[in-house]
Number of protein chains: 2
Amino acid sequence: MTTRTAAQAHTAARIAHREHCVRCPTNRMLDRIGEKWVALIIKELSGGLRRYGELGRAIPGASQKMLTQALRNLERDGLLTRTVTPEVPARVDYELTALGHSLLPVIQAVAQWADQHIEQIDSARAAHDARGR
Amino acid sequence: MTTRTAAQAHTAARIAHREHCVRCPTNRMLDRIGEKWVALIIKELSGGLRRYGELGRAIPGASQKMLTQALRNLERDGLLTRTVTPEVPARVDYELTALGHSLLPVIQAVAQWADQHIEQIDSARAAHDARGR
DNA sequence: CCGAATCCCCACCGATACTG
DNA sequence: CAGTATCGGTGGGGATTCGG
């Protein structure tokens, strides 16, 4: 296409640039940590090795599918290990790696900030909603 | 329904419990921070007051719609202020509040961890993919 | 007991066009 | 300049069922 609108050219440039933004380490990790149930899994695993069923019971909100998916992603990224013990019934244990442990302080920093400021956020939101409508 | 399967009862219990998980401050903040473009907006705003267009140019990946949506959510939570100056052409400035500034160290902690460990994660993922298939 | 596989919905996000 | 309105595609995530 030799002819295209300015809007299209602008859109193309934005799409190209988005690749960089999305691949930036900070955003990649925020995406990963922000995934559903990931933070809870890491926190639960910080107490040591856990069986699949234990995790499921510790995090009742997660469906089996989501729990498995999150665990697989974390395993893929080298944040935890998955150990299958072929006995009957089957037994699968999950445990944080060194890399996974190194992530704990970060998550705890977020948790601490959240606990300290959640009331401010709630009241700010309430005030904003009350004024706006 | 006086009669329902054990599976249904279990599901109902999980749904009820999920309410607690989702409302936990840590997860709420992770959801908020993990939202698209939020981290980038905060980082950009850490340099001081910015106009809407400046933010748009600084974050070329975000569409107007997403940028506006994210800004409105952050304003609602009291993390930034939105100031309209009625001149021609229109001018709207965004600026972090004290609460918003207090979030900066947390985001930087995540960013720092990501920068330091992104290579480990990439190599772990590459190794995992190479083995698995 | 630990998943894999399947179906399905709707929430999110992007593109485009229009307004004050 | 700074949005709002609207439409459409996509995929995340939940329920359910089947296998080892």
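Below, chains carry the letters A, B, ... as their sequence lines are ordered, and counting in each starts from 1.
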Undergrad: What is the distance from CD of B:Q69 to P of C:dA15, rounded to the nearest Å?
TA: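 Value for this atom pair: 14 Å.
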Undergrad: Starting at atom CD of A:Q64, determine the distance to atom P of D:dG12, rounded to an integer number of angstrom.
TA: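 Roughly 20 Å, once rounded to whole Å.
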Undergrad: Could you state the CE-P distance from A:M66 to D:dT16, rounded to the nearest angstrom?
TA: 15 Å
Undergrad: Can B:Y94 and B:T83 be said to form a side-chain hydrogen bond (donor to acceptor under 3.5 Å, both in side chains), step by step?
TA: CA-CA 6 Å; B:Y94 293 91; B:T83 309; over 6 Å; no
Undergrad: Taking 4.0 Å as the cut-off, does a side-chain nitrogen or oxygen of A:Y94 come that near to OP1 or OP2 on C:dC2?
TA: no
Undergrad: Quick one: B:Y52 OH to C:dG20 P, roughly how many Å, whole number?
TA: 18 Å
Undergrad: Do A:R82 and A:D93 meet the salt-bridge criterion of a basic N to acidic O distance under 4.0 Å?
TA: no
Undergrad: Starting from the 5' end of DNA chain D, give me the residue, A:A90 or B:G53, whose nearest nucleotide shows up first.
TA: B:G53
Undergrad: Starting at atom CD1 of B:I59, determine the distance to atom P of C:dG14, rounded to an integer number of angstrom.
TA: 12 Å
Undergrad: I need the CD-C1' distance between B:E75 and D:dA2, as an integer number of Å.
TA: 14 Å
Undergrad: Look at B:R51 and D:dC1 and indicate whether a side-chain polar atom (N or O) is within less than 4.0 Å of OP1 or OP2.
TA: no
Undergrad: When the distance from CG of B:L67 to C1' of D:dC1 is rounded to whole Å, what number comes out?
TA: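 In whole Å, D:dC1 C1' lies 13 Å from B:L67 CG.
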Undergrad: Rounded to the nearest Å, what distance is computed from the CD atom of residue B:E35 to the P atom of nucleotide C:dA11?
TA: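 After rounding, the reported distance stands at 15 Å.
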Undergrad: Can you tell me if A:E119 has over 12 outside heavy atoms packed within less than 6.0 Å of its CD?
TA: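 Not buried by this count: 12 neighbours or fewer within 6.0 Å.
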Undergrad: Less than 4.0 Å between a side-chain N and a carboxylate O, is that true for A:R72 and A:D77?
TA: no
Undergrad: Nearest to the side chain of A:R72, which nucleotide is it out of C:dA4, D:dC1, D:dT4?
TA: C:dA4
Undergrad: Of the nucleotides D:dG13, D:dT4, D:dT6, which has the atom closest to the B:K65 side chain?
TA: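 Selected nucleotide (nearest to the side chain): D:dT6.
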Undergrad: Is any side-chain N or O of A:K36 under 3.5 Å from a base N or O of D:dG13, one able to act as donor and the other as acceptor?
TA: no
Undergrad: What pair of heavy atoms forms the shortest contact from B:W113 to A:L79, and how long is it?
TA: CH2-CD2, 4.2 Å
